[in-house]
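Take a look at the structure below.
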Amino acid sequence: MSGNANSNSLQMLAGHVDQDRLWQRHLDMASIGATPLGGVHRLPFSKEDAESRRLFLSWATARGFGTEMDDFGNIFVRREGTEKDLEPVVSGSHSDTQPNGGRFDGIYGVLAAFEALEAIDDAGIPTRRPIEAVIWTAEEADAQFGVGCLGSQAYANPSKLPRLLEIRNNLNIPVKQALAELMEDHLCVGHRAFQSPIAYYVEAHIEQGPELEARGKTIGIVTAIQGHRSFKVQVTGEAGHAGNTPERLRKDALVAAMQIFSELRKVFHDPNDVVRFTVGEMDVVPSAMAVIPGSVTFTIDFRHPDPETLQSLGDRIAVVTRENAGKCDVTVSELRHSSPVVFKGPVPEAILKAVESLDYSYMALPSGAGHDARYIAELAPAGMIFIPCWRGISHNEAESAKLVDMVAGTRVLARTLVELANL
């Protein structure tokens with residue numbers, strides 16, 4: 001293809017992004033696990049997630065794209081390049097959701113990637129490299145298993161696989177059992193090996209924060225993903241009769257947990273509002289009105305873009321919990337420690353070029369949330385495209401995005417993929 005023809009085809013590519021097709025596919029996916037309040041409950045490894053993946057594969061097969069799956073259930077849909085042996089450009093996200101989550105988190109990135117493949121195909125644009133749309137398995141597994149992005153972690157670093165497979169949820173079901181049940185559901189044409197080379201990786205996503213909407217920007221070019229540490233804290237006291245046990249003899253695990261939480265809030269207070277500190281789960285046992293709590297388990301989610309702050313503040317958690325447990329015993333287990341990841345080089349450069357060529361307003365910003373791109377960046381140059389979401393709300397049934405922004409993000413993605421696939 002000549003330079004002029006290539007330029008003309010790229011100019012036409014935006015018009016081949018079909019907004020009706022993109023929106024209908026979102027509606028089709030949103031119907032799987034739909035909640036009464038307009039959200040989606042499609043947990044990792046669930047029958048609903050399996051159904052959404054089958055639907056995705058059916059679209060790929062109907063289109064004539066190739067399909068592969070690896071041993072963690074990550075699904076790859078491929079549009080061939082003119083030089084088939086070249087490493088592919090890959091784009092996608094996840095199909096699972098948080099409990100009672102939204103209709104756009106994750107699945108927008110999957111469907112934008114698939115729409116980009118279709119638009120490039122409809123425009124008749126050949127690319128040197130193959131281009132693939134991917135569904136990463138169990139990105140939202142932290143809600144059940146305490147650790148997220150399982151599929152992308154396994155793909156990027158298979159040495160983690162034995163540990164990942166043994167993680168258990170609150171029903172004591174190991175990942176390996178849940179994964180085996182999920183994979184029984186899918187028959188793909190080919191098998192993908194872990195760490196199969198990827199030339200470039202691009203992930204489109206709703207921002208899950210308020211900045212783009214507040215600043216009136218259509219596209220966010222993501223500069224980095226902040227670091228993330230998560231912990232499980234177990235406070236053990238002694239259950240007793242609520243009426244007959246005097247205060248001096250009580251070992252109330254909930255009182256101790258509340259004191260620990262109060263002191264941690266002081267330690268993690270940040271006047272610059274950069275620190276992100278959340279206690280999102282708390283389990284009180286035996287959870288009876290007339291019984292002094294004998295044990296309390298709670299989780300801590302801590303995020304920060306600076307690696308030194310991530311290390312130093314995160315290390316304070318064990319110290320503060322021990323100092324404030326009173327008469328109770330306490331143990332702290334670290335579930336996850338992900339360092340900040342910076343996106344630079346050819347992928348964000350290609351995204352910027354695409355945004356400018358399409359004349360969309362944009363801003364550069366870091367991601368406060370974790371994403372599969374964080375792990376795939378260990379294998380290949382990577383980057384992310386954000387679009388606005390209403391009030392920045394996510395992991396919530398009220399999560400919403402405008403179709404005009406979804407189309408804009410898909411157009412930017414399609415042009416970025418073509419640019420990278422011809423490098």
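As a basis for the values below, the full set of heavy atoms in this structure was taken, side chains included, without hydrogen atoms, waters or symmetry mates.
If you take CD1 on Ile120 and CD1 on Ile125, they are separated by 6.5 Å, rounding to the nearest 0.5 Å. Atom CZ of residue Arg192 and atom CG of residue Asn74 lie 9.5 Å apart, to the nearest 0.5 angstrom. Between the CZ atom of Arg103 and the CD1 atom of Ile32 there is a distance of 14.0 Å, given to the nearest 0.5 Å. Distance check: Ser338 OG to Gln226 CD gives 11.0 Å after rounding to the nearest 0.5 Å. Residue Gln144 holds its CD atom at 4.5 Å from CG of Leu43, rounded to the nearest 0.5 Å.
Between the side chain of Thr137 and the main chain of Gly73, a donor-acceptor pair closer than 3.5 Å is present. Counting only distance, with no hydrogens or angles, the side chain of Arg129 and the backbone of Glu87 share a donor-acceptor pair below 3.5 Å. A donor-acceptor pair is defined here as one N or O able to donate and one able to accept, closer than 3.5 Å; no such pair exists between the side chain of Glu132 and the backbone of Val77.
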If you apply the rule side-chain contact (heavy atoms from CB on, under 4.5 Å), what do you find for Thr223 with Phe343, and how did you get there? CA-CA 5 Å; Thr223 57; Phe343 297 132; 6.0 Å; no
Checking salt bridge (charged side-chain N to carboxylate O under 4.0 Å, His left out) for the pair Glu419/Lys353: CA distance, chi angles, key distance, verdict? CA-CA 9 Å; Glu419 178 77 19; Lys353 183 177 179 180; 3.1 Å; yes
Kindly indicate, with the supporting measurements, whether the criterion side chain to side chain donor-acceptor pair (under 3.5 Å) is fulfilled by His94 and Asp96. CA-CA 6 Å; His94 57 96; Asp96 57 338; 3.0 Å; yes
Audit row: Arg21, Glu115, salt bridge (charged side-chain N to carboxylate O under 4.0 Å, His left out) steps and yes/no: CA-CA 8 Å; Arg21 181 170 61 191; Glu115 177 61 35; 2.7 Å; yes
side-chain contact (heavy atoms from CB on, under 4.5 Å) assessment of Val412 paired with Tyr360: CA-CA 9 Å; Val412 170; Tyr360 288 124; 3.7 Å; yes
Please assess Tyr200 against Leu417 for the test side-chain contact (heavy atoms from CB on, under 4.5 Å), listing each intermediate value before the final yes or no. CA-CA 9 Å; Tyr200 306 101; Leu417 295 176; over 6 Å; no
side-chain contact (heavy atoms from CB on, under 4.5 Å) between Asn157 and Tyr375, intermediate numbers included: CA-CA 8 Å; Asn157 189 350; Tyr375 295 100; over 6 Å; no
Full working for side chain to side chain donor-acceptor pair (under 3.5 Å) between Glu203 and Ser93: CA-CA 6 Å; Glu203 183 165 348; Ser93 194; 2.9 Å; yes
Salt bridge (charged side-chain N to carboxylate O under 4.0 Å, His left out) between Arg25 and Glu118: does it pass, once the steps are laid out? CA-CA 13 Å; Arg25 290 205 165 131; Glu118 291 192 291; 2.4 Å; yes
Go through Arg54 and Asp49 one step at a time and tell me if the salt bridge (charged side-chain N to carboxylate O under 4.0 Å, His left out) criterion holds. CA-CA 9 Å; Arg54 286 196 302 272; Asp49 194 30; over 6 Å; no
Do His191 and Asp71 pass the side chain to side chain donor-acceptor pair (under 3.5 Å) test, and can you show the C-alpha distance, the side-chain angles, and the key distance before you say yes or no? CA-CA 8 Å; His191 176 263; Asp71 289 337; 3.0 Å; yes
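The shortest distance between side-chain heavy atoms of Ile317 and Val332 falls below 4.5 Å. Side-chain atoms of Leu212 and Phe386, non-hydrogen and from C-beta on, do get closer than 4.5 Å to each other. The shortest side-chain heavy-atom distance between Arg265 and Ser262 does not fall under the 4.5 Å cut-off. Using a 4.5 Å cut-off on side-chain heavy atoms (C-beta onward), Ser400 and Ile393 make no contact. Between Gln311 and Pro307, the closest side-chain pair of non-hydrogen atoms is not below 4.5 Å. A heavy-atom distance below 4.5 Å is found between the side chains of Leu182 and Arg53. Counting only heavy atoms from C-beta outward, the side chains of Val407 and Trp23 never approach each other to under 4.5 Å. Inter-residue side-chain proximity for Ser357 and Arg415 is flagged as met; some heavy-atom pair is nearer than 4.5 Å.
For the pair Ala193 and Ser196, the tightest heavy-atom approach, listed with the atom from each and the gap, is O-OG, 2.7 Å. Nearest heavy atom pair, residue Leu365 against residue Glu207, reads CD1-OE2, 3.5 Å. Here the closest heavy-atom approach between residue Ala401 and residue Phe104 is recorded as N-CE1, 3.6 Å. A pairwise comparison of heavy atoms in Ala350 and Leu420 identifies CB-CD2, 3.8 Å as the closest pair. The shortest non-hydrogen separation linking Thr321 to Val330 is O-CG1, 3.9 Å. Here the closest non-hydrogen pair linking Ala256 and Val235 is CB-CG1, 3.9 Å.
The closest side-chain donor-acceptor pair between Gln234 and Thr331, if any, does not fall under 3.5 angstrom. Side chains of Gln24 and Asp28: a donor-acceptor N/O pair is present below 3.5 angstrom, by distance only. When only modelled atom types and interatomic distance are considered, Ser95 and Arg42 share no side-chain donor-acceptor pair under 3.5 Å. Glu399 and Ser394 share a side-chain donor-acceptor pair at under 3.5 Å. Remark: the Asp270 side chain and the His304 side chain contain no N/O donor-acceptor pair separated by less than 3.5 Å. For the residue pair Gln98 and Asp142, a side-chain donor N or O sits within less than 3.5 Å of a side-chain acceptor on the partner.
Ring geometry for Tyr155 against Phe76 counts as tilted: the plane angle lies between 30° and 60°, on a 0 to 90° scale.
The pair Lys84-Glu80 does not meet the salt-bridge criterion, since no charged nitrogen lies less than 4.0 angstrom from a carboxylate oxygen. A salt bridge links Glu166 with Lys176; the closest basic N to acidic carboxylate O contact falls under 4.0 Å. Look at Asp405 and Lys217 and you find no salt bridge, because none of the NZ, NE, NH1 or NH2 atoms lies under 4.0 Å from a carboxylate O. Salt bridge Asp122/Arg63: present, at least one basic N to carboxylate O contact under 4.0 Å.
Checked against the 6.0 Å centroid criterion, the rings of Phe114 and Phe56 qualify as a close aromatic pair.
Surrounding CE of Met282 are more than 12 heavy atoms belonging to other residues, nucleotides or ligands, all under 6.0 Å away. Open room surrounds CZ on Arg316; 12 or fewer heavy atoms of other groups in view lie less than 6.0 Å from it.
When Val341, Val202, Val90, Ile198 are each tested for a side chain to side chain contact (heavy atoms under 4.5 Å, CB included) with Ile376, only one passes: Ile198. Of the listed residues (Arg276, His228, Arg336), just one forms a side chain to side chain donor-acceptor pair (under 3.5 Å) with Asp301, and that residue is His228.
Within the cation-pi definition used here (under 6.0 Å to the ring centroid, within 45° of the axis), Arg229 does not qualify as a partner of Phe302.
Checked against side-chain hydrogen bond (donor to acceptor under 3.5 Å, both in side chains), Gln19 has no partners two or more places apart in sequence or in another chain.
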